[in-house]
Amino acid sequence: MNVQVPFAPLEAETDFAIDQDWAGYSADDHSVWSKLYRRQCALLAPRGCDALLKGLGALDLNSGGIPDFAAINPKLESLTGWRVIAVPGLIPDAAFFDLLAHRRFPAARFIRDPRALDYLSEPDIFHDVFGHVPMLTDPVFADYMQAYGEGGLRALNLDHLHHLARLYWYTVEFGLMRTPSGLKIYGAGIASSAAETVFALDDPSPNRLAFDMLRVMRTRYRIDDFQQSYFVIPSLEALLEATLQDFAPVYAALETAPDLAAEAVVPGDEVLTLGTQAYAKARQGASPPPLGEGDPEGVEGADTP
Ligand code: PHE
Ligand code: CO
């Protein structure tokens, strides 16, 4: 796999990195982190994939409340060469991809309000660090994320970012994995949400479909509520393998392949669970969403992963 630091110079880091200002967190901030940390660890113990649980163990993310990036980075860097850097919220696509391509993961530094532990209007440090960073300790996933960054820059140039963004959404954010001990979670949007951790694996409402690259890239997603379909990979190795092909022909094929609705099940799908969609139907027209954890990085149709 390609693990050396790639091509172009890294401008995004100097342009967007800010100081985490760890000393600036309040006691309340730290206690929000610790509460969320304990709740998610308990929920994930039986539900997280091995790589996620192993990464959580290796990083020791709750020794003093909110983790100090200066303490995480030596561990992370020695495992896979990745680093976490603080950024001031959402950054431009090209900068985001450039950072990933250089094994830098941009993370928010703010933490959610203690009065609304389950509400997020944009990704906070708990989502970004607890959700994403443990998986970056896995060598295969580490390579996948770097490759995604490189692919993102290509997709931008080829004008197919909306297709590639769906791959990020249904893997990095909301991916499930098939294992000998059943379906497990590796997606950060799930792993950082108490309610979706349970929903994604245990609720009869959503579809659970075998991962297929082209299929995923055709599938719309929801940013404002639990997913209506989850895609299940056989292993991280298989995911990386499937993305090593040149996407230019895949993008070309997508020009004539219509988008699919988030809840669609179509001929050719390998259906692990045919969802009842009962949850989604009951929620129709209701607002705001119950737990607001409709996560992260952008609006469907927009150019953000
Ligand atoms: N192989 C993809 C391309 O040709 C790059 C990529 C790799 C994208 C991994 C996503 C994930 O563009
Ligand atoms: Co995210």
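The analysis underlying the following values was restricted to heavy atoms, covering all of them including side chains, and did not include hydrogens, waters or symmetry mates. Computed from a predicted model, the values in this text were never measured in an experiment. When a ligand or atom number is given, it counts from 1 through the structure's own listing order.
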Logged contact type for Gln245 with ligand 1, heavy-atom cut-off 4.0 Å, is backbone

re atom 10 (C) of ligand 1, the protein heavy-atom contact at minimum distance is Tyr148 CD1, 3.6 Å

Is it the case that the side chains of Thr171 and Tyr144 hold a donor-acceptor pair, with the cut-off being a distance below 3.5 Å and no angle test? yes

So the atoms of ligand 1 within less than 4.0 Å of a heavy atom of Tyr144 turn out to be 11 (C)

* Close N or O approach (Ala147, ligand 1; < 3.5 Å) -> no

The closest protein heavy-atom partner of atom 7 (C) of ligand 1 is Thr243 O, 3.3 Å

Logged contact type for Leu167 with ligand 1, heavy-atom cut-off 4.0 Å, is side chain

message: Please check this pair: side chain of Asp269 against backbone of Val266, looking for a donor-acceptor N/O pair closer than 3.5 Å.
response: yes

For the Co ion (ligand 2), angle spanned by His127 NE2 and His132 NE2 (nearest 10°) is 100°

Q. Relative to each other, are the rings of Tyr37 and Phe130 parallel, tilted or perpendicular (30° and 60° limits)?
A. perpendicular

Before we go on, tell me: are the rings of Phe126 and Trp33 under 6.0 Å apart, centre to centre?
yes

For Asp246, the atoms of ligand 1 under 4.0 Å from one of its heavy atoms are 4 (O)

- Message: Looking only at distances, can you tell me whether any N or O atom of Tyr251, backbone or side chain, sits closer than 3.5 Å to an N or O atom of ligand 1?
- Response: no

Determine the interplanar angle of the Tyr251 and His163 rings, folded into 0 to 90°, and report it as parallel if under 30°, tilted if 30 to 60°, perpendicular if over 60°.
parallel

Residue, atom and distance of the protein heavy atom nearest atom 5 (C) of ligand 1 read Gly151 CA, 3.6 Å

In this structure, atom 8 (C) of ligand 1 is nearest to the protein heavy atom Phe247 CE2, 3.4 Å

What about Arg154: any of its N or O atoms under 3.5 Å from an N or O on ligand 1?
yes

Point to revise | Short side-chain donor-acceptor distance under 3.5 Å, Ser34 and Asn62 | key: yes

Under 2.8 Å from the Co ion (ligand 2), can any N, O or S atom of Glu173 be found? yes

Ignoring hydrogens and angles, state whether a donor on the side chain of Asp28 or Ser31 is under 3.5 Å from an acceptor on the partner side chain. no

**OP:** Evaluate the ring planes of His132 and Phe105, with Trp represented by its six-membered ring, and classify them as parallel (under 30°), tilted (30 to 60°) or perpendicular (over 60°).
**Re:** tilted

Quick one: do the Gln40 and Ser192 side chains pair a donor with an acceptor below 3.5 Å? no

